[in-house]
There are 2 protein chains.
Amino acid sequence: MDGNTDNKEKEIKALLKGKKIRPSIIRVKVLKYLLDNRNHPTADRLFSALENDIPTLSRTSIYNTLKTFLDEGVVSEITIEDGNSRYDAFTGKHGHFICEKCGGVSDFDVKCATCAPESLNGYKINQEHVYLRGLCPNCIKSGGDGNEKNFRKKRCKKSS
Amino acid sequence: MDGNTDNKEKEIKALLKGKKIRPSIIRVKVLKYLLDNRNHPTADRLFSALENDIPTLSRTSIYNTLKTFLDEGVVSEITIEDGNSRYDAFTGKHGHFICEKCGGVSDFDVKCATCAPESLNGYKINQEHVYLRGLCPNCIKSGGDGNEKNFRKKRCKKSS
DNA sequence: TCCAATTTTGTAATAATTACAATTTTGTAA
DNA sequence: TTACAAAATTGTAATTATTACAAAATTGGA
């Protein structure tokens with residue numbers, strides 16, 4: 001544990017306290033993972049990533065933590081793929097791309113400040129999500145013609 | 001069955017044939033429902049809507065039909081809410097708004113032609129989805145202050 | 001009519017998420 | 001420190017949307 005790590009943990013704790021969330025070990029580690037690894041993990045991936053570090057960890061705790069974070073706006077939920085919610089702790093405006101072949105999700109900068117038109121002015125908008133689906137450069141190279149019709153989400157079997 | 005209905009069915013059959021999909025009764029009725037009711041139904045809602053009309057209908061057939069339609073681009077899947085895919089047969093560009101209180105989904109016209117930036121030019125984009133979350137005018141009127149923190153998707157218990 | 005291909009159906013399996021009660025941990029006041 | 005209430009964590013069981021699969025029914029063409 002070097003000084004940098006120490007500093008980062010302090011920042012994370014401060015961030016949580018600012019949102020009136022008690023910075024328990026699990027919460028700090030989940031948020032740290034999300035900030036260190038911008039890979040939009042599912043709940044299960046978070047569990048797998050942290051279970052070595054926190055031997056008594058349960059999946060329910062991951063779900064509880066994420067629910068707390070969602071309620072307080074610490075993270076946002078990415079539903080680009082049905083049946084596999086992913087989580088993102090980065091608050092700057094950005095969109096999400098999913099490759100229909102490899103399933104990888106990446107960020108991109110959206111061109112427009114907002115897509116919401118004036119016609120929605122009776123509404124209160126809390127969140128805006130832009131999702132793109134397609135093929136990433138790697139998968140294009142490795143043979144996809146870009147017209148695969150049979151891509152469907154595959155439920156990700158739990159890894160452990 | 002008036003002449004209009006007849007005409008519409010003929011159009012739907014032609015549309016399916018154009019996509020090399022045999023226009024079975026179930027397929028025609030599912031697509032007709034989606035075109036007549038722009039309410040972004042879930043698979044289960046489609047089943048409920050059609051089971052009286054097609055007494056032997058099974059949920060699997062709804063899923064099969066939707067998969068066929070998705071593969072051929074007849075419908076698109078809306079994943080604005082995790083765990084409840086919705087389906088849309090309208091192909092014109094539009095976004096989807098979900099009310100965090102009543103769960104209703106509605107269309108809106110997106111302001112921008114595309115949100116994808118030039119930085120994605122090594123990618124092949126097949127679909128673009130814009131999702132907004134918030135409160136609809138009705139729910140604002142009926143008391144929401146617009147800051148409800150505890151909205152979470154509720155799995156929709158099957159209706160029958 | 002007959003047959004092969006396609007569609008439909010019912011049942012069982014899968015897997016993400018939630019409900020809930022029991023246990024553990026934490027913060028604080030005495 | 002000790003005691004206690006509140007909060008957090010855990011494990012198990014339940015829920016539910018979706019998929020897998022094989023059997024049955026239907027369809028279209030020879």
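Model, not experiment: these values are computed from the prediction. Numbered from 1 within each chain, the chains take letters A, B, ... in sequence-line order.
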Fill in: Length of the line joining Glu81(A):CD and dT17(C):P, which is rounded to integer Å
11 Å
Discussion item. Across nucleotides 7-13 of chain C, 5' to 3', mark each nucleotide with B, S or - according to how protein heavy atoms within less than 4.0 Å reach it.
Written reply: SBBBB--
Worksheet entry | Contacts of Arg38(B) that satisfy side-chain hydrogen bond (donor to acceptor under 3.5 Å, both in side chains) - sequence neighbours left out | Asp107(B)
Worksheet, complete the sentence: Whole-Å distance, Arg86(B) CZ to dT18(D) P, equals 11 Å
Worksheet item: Could you state the NZ-P distance from Lys67(B) to dT6(C), rounded to the nearest angstrom?
Response: 15 Å
Worksheet item: What is the distance from NZ of Lys20(A) to P of dA7(D), rounded to the nearest Å?
Response: 14 Å
Worksheet item: Over how many whole Å does the gap from Asn84(B) atom CG to dT17(C) atom P extend?
Response: 12 Å
Practice prompt. Taking only the side-chain nitrogens and oxygens of Tyr63(B), find out if one of them lies under 4.0 Å from OP1 or OP2 of dT19(D).
Written response: no
Discussion item. Applying side-chain hydrogen bond (donor to acceptor under 3.5 Å, both in side chains), can you list everything that pairs with Glu11(B), at least two apart in sequence or on another chain?
Written reply: none
Discussion item. For His40(A), give me all partners under ring pair (Phe, Tyr, Trp, His ring centres under 6.0 Å), at least two apart in sequence or on another chain.
Written reply: His96(A)
Worksheet item: For DNA chain C, what dot-bracket results from Watson-Crick or G-U pairs at under 3.5 Å, with [ ] for crossers and | for inter-strand partners?
Response: ||||||||||||||||||||||||||||||
Item to complete: Check side-chain hydrogen bond (donor to acceptor under 3.5 Å, both in side chains) between Asn39(A) and all other residues, then give those that pass, not counting sequence neighbours.
Response: Tyr33(A)
Worksheet item: Taking atom C1' of dA14(D) as reference, at what distance in whole Å does atom CZ of Arg59(A) sit?
Response: 17 Å
Worksheet item: Is there a donor-acceptor pair closer than 3.5 Å between any side-chain N or O of Ser48(B) and the backbone N or O of Asp44(B)?
Response: yes
For a quick test of your reading: what N or O donor-acceptor pairs under 3.5 Å do the side chains of residues 108-116 of chain B make, sequence neighbours left out?
| from | atom 1 | to | atom 2 | distance (Å) |
| --- | --- | --- | --- | --- |
| Thr114(B) | OG1 | Ala116(B) | N | 3.0 |
| Thr114(B) | OG1 | Glu128(B) | OE1 | 2.8 |

Discussion item. Test: salt bridge (Lys or Arg N to Asp or Glu O under 4.0 Å). Region: residues 18-31 of chain B. Which pairs qualify, not counting sequence neighbours?
Written reply: Lys29(B)-Asp53(B)
Practice prompt. Could I get the full list of ring pair (Phe, Tyr, Trp, His ring centres under 6.0 Å) partners for Tyr123(B), not counting sequence neighbours?
Written response: Phe97(A)
Worksheet entry | Exercise: do Ser58(B) and Ser61(B) side chains pair donor with acceptor under 3.5 Å | yes
Worksheet item: Please give, in whole Å, the distance from dT16(D) P to Asp82(B) CG?
Response: 15 Å
Practice prompt. Round to the nearest Å and state the distance from Asp71(B) atom CG to dT19(D) atom P.
Written response: 11 Å
